[in-house]
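This is a predicted model, so every value here is computed, not measured. We count ligands from 1, going down the list as the structure has it; atoms in each ligand are counted the same way.
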Amino acid sequence: MDRNEWLSGAARSSLSRLLPRLEKTYAPELVEMPVQWNHFKNRLNREWERLFNYLQQLYGWQYDFFYTLELILDLLIRYWLKRPASLRQLDEQREADPYWYLSEDMVGVVLYVDLFSNNLAGLHDHIPYIEQLGVTYLHLMPLFSVPRGENDGGYAVSDYRATNPDLGTMEELFELASALRERNISLVLDFVFNHTSDEHRWAQKAKDGDPEFMNYYLTFTDPVLVDRFQEHLRDIFPTVRKGSFTWNPAMQRWVWTTFNSYQWDLNYGNPAVFRDMAEEMLFLANQGIEVLRLDALAFIWKRLGTDCENQPEAHIIIRAFNAMARIVAPAMIFKSEAIVHPDEVIKYVHPQECQLSYNPLLMALLWEALATREVKLLVHSMRHRERLPYGCSWVNYLRCHDDIGWTFDDNDARQVGIDPQGHRKFLNDFYTGKFPGSFARGVPFQFNPDTGDLRISGTLSSLAGLEEALERKDNTMIERAVRRINMLRSIQVSIGGIPLLYAGDEYGALNDYTYLSDPVKVNDSRWVHRSRKRWKAADDLTDTETIEWRFYHEMVKLFQLRKSTPALRNGGMELVDTANPHLFAYIRGNREQRLLIINNFSEFTQIISADKLAEAGMTRDALEVLTQKMFPAGEDLELQGYRYMWIDISGPS
Ligand code: GLC
Ligand code: GLC
């Protein structure tokens, strides 16, 4: 018998042993809803074998594996029973339309509740602003209970079932999710599941010496073992602290802390951790979350002798969570936050793993092309790295709450004649404004003197040159910065995937240096681009002369165009050879419509020849969608500095 045969048999027999027992336990509730129970069982039957397979690989060798299975099945039924009727209805709707998130209507924004609107009640009042922008995907930065003082911007969670009291209550969160859903806006929240804060109940018990909870974390008494692990690990926040381990005097043990010393990595080798975190996940699903952002997912499994990132078991754990979500809450999908090498980023993206993923490569390479004015690395990398499995989508962003790291592949760079390390140094010099003639005003993040690594903080506008231009009151520079920003946004909206706006960028927020006088923030330059929303700017949106208005208006226009342009429905893109090193061009489309999109990454006018246009499919006069102007076929096309065009090259219908 091969493993697959054995697996099917074992999965089936375990389910047929366990399910009747649990059906008995929950009989009083189940008789009330025979039809729905059948739906649940269908999903269970569909997903069980793969869930069993994953769990077997992770925990099958442990003597109490059958007990693990029983608890997990019980968990699935309990959380399905607890699932509010409105969400069960949504589950059915989504089962009938499983690729709802691939629609051209999907447009996202991410924001901090406290910075945007003080609290959840305030956010409720600002839904109209979000609606006006055209947003259908709203990611709220972590809003759970966290330690006072430093908490990594909410990424050190002390309780997954309690909101930070400054922001509001769980009830308010649930109501907000419902209110958003009524307006076709999906709520997106983080699942910070690699670590908890050191104030989490489990960590407290571990500190009290409870062996059961010490086993929830990765703790060590042997400094030699710590060193052996450490040897291969990368420092994520090297300016704050060296190494990935923190000595805890209460326990007299080292604790694995990949990020900050107060963020304790969980031990997924322990099935109790898997179960308890799966329970937190299902709890979040039942609050009405439709997209769960899996935070720092590359780090969840450790293996001696490796860098402890992207281990095969990390994928198995996420797939197991995915199967559980499909059974209990199929309305909810996952988004991967893997800011790692592009070969690894893509491995998390699969309908049975994370349906969505940040696109850190596109993000980094757009900035790279903006600095160099050349698109060769962008084109070369995208050519073989853009495609995702069917049913999956990129989330395209220009800026987010984190830093920018230059995560392109070294060989991709070499193949287009770029020395990767030298180039990273150039990009860091450029974006921190050190490189002569640079327009950017970025701030260094986490310089590591041992490796020379550095990442970049700063807002979209400051990085694209607006801050410097405004300071110099130079109109040409201002105009260029505005054009750069709008071109990046046009690409973000048109290239395929869900565009995700970082709140503040819609009106061009600049760097905010006030974090330097806040002792809690001063050591983390990411705060330079996490500033309080200036509502003044929102009020000024009626004043059509301001830069804010231009940005805001252009953003809304692009979002609307995306929604009304069938060619921009989710799917891949074809790169177009322009024979011009400064032009980035691609085709988006389907049977209904095809668009040829051309972007000029230099400040000077560039030409694409009539031949190249014809090769790309522009064989007759064509309409430019943004300006509604016709362009004649058979002529070279001139694109001014930082301009972009969306040319409709659909054939006759
Ligand atoms: C993710 C978050 C980042 C945080 C880290 C640790 O990468 O985006 O802000 O510092 O995880 O949770
Ligand atoms: C690293 C991690 C990423 C995290 C970031 C925070 O890039 O890979 O997960 O968001 O650091 O700065």
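- Which parts of ligand 1 touch Asp152 is read off a 4.0 Å heavy-atom cut-off, strictly below it: atoms 4 (C), 5 (C), 6 (C), 10 (O), 12 (O).
- For the pair Arg293 and ligand 1, a heavy-atom separation below 4.0 Å is found.
- Within a 6.0 Å sphere centred on CZ of Arg303, heavy atoms belonging to other residues, nucleotides or ligands number more than 12.
- Counting atoms of ligand 1 from 1 in the listed order, those under 4.0 Å from a heavy atom of Phe237 are 10 (O).
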Problem set entry | Check against side-chain contact (heavy atoms from CB on, under 4.5 Å), Leu463 and Leu370 | CA-CA 10 Å; Leu463 293 176; Leu370 208 60; over 6 Å; no
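- Proximity to Asp402 (heavy-atom distance under 4.0 Å) selects the following atoms of ligand 1: 2 (C), 3 (C), 7 (O), 8 (O), 9 (O).
- Taking every non-hydrogen atom of His195 and a distance limit under 4.0 Å, the qualifying atoms of ligand 1 come out as 6 (C), 12 (O).
- Residues passing the ring-ring contact (aromatic ring centres under 6.0 Å, His included) test with His195, sequence neighbours excluded: Phe259.
- Contact annotation for Phe193 and ligand 1: no heavy atom of the residue comes within less than 4.0 Å of the ligand.
- Enclosure of atom NZ in Lys434 is not indicated, since only 12 or fewer non-hydrogen atoms of other residues, nucleotides or ligands lie within 6.0 angstrom.
- Taking Arg562 as the reference, nothing meets the salt bridge (charged side-chain N to carboxylate O under 4.0 Å, His left out) condition, with sequence neighbours excluded.
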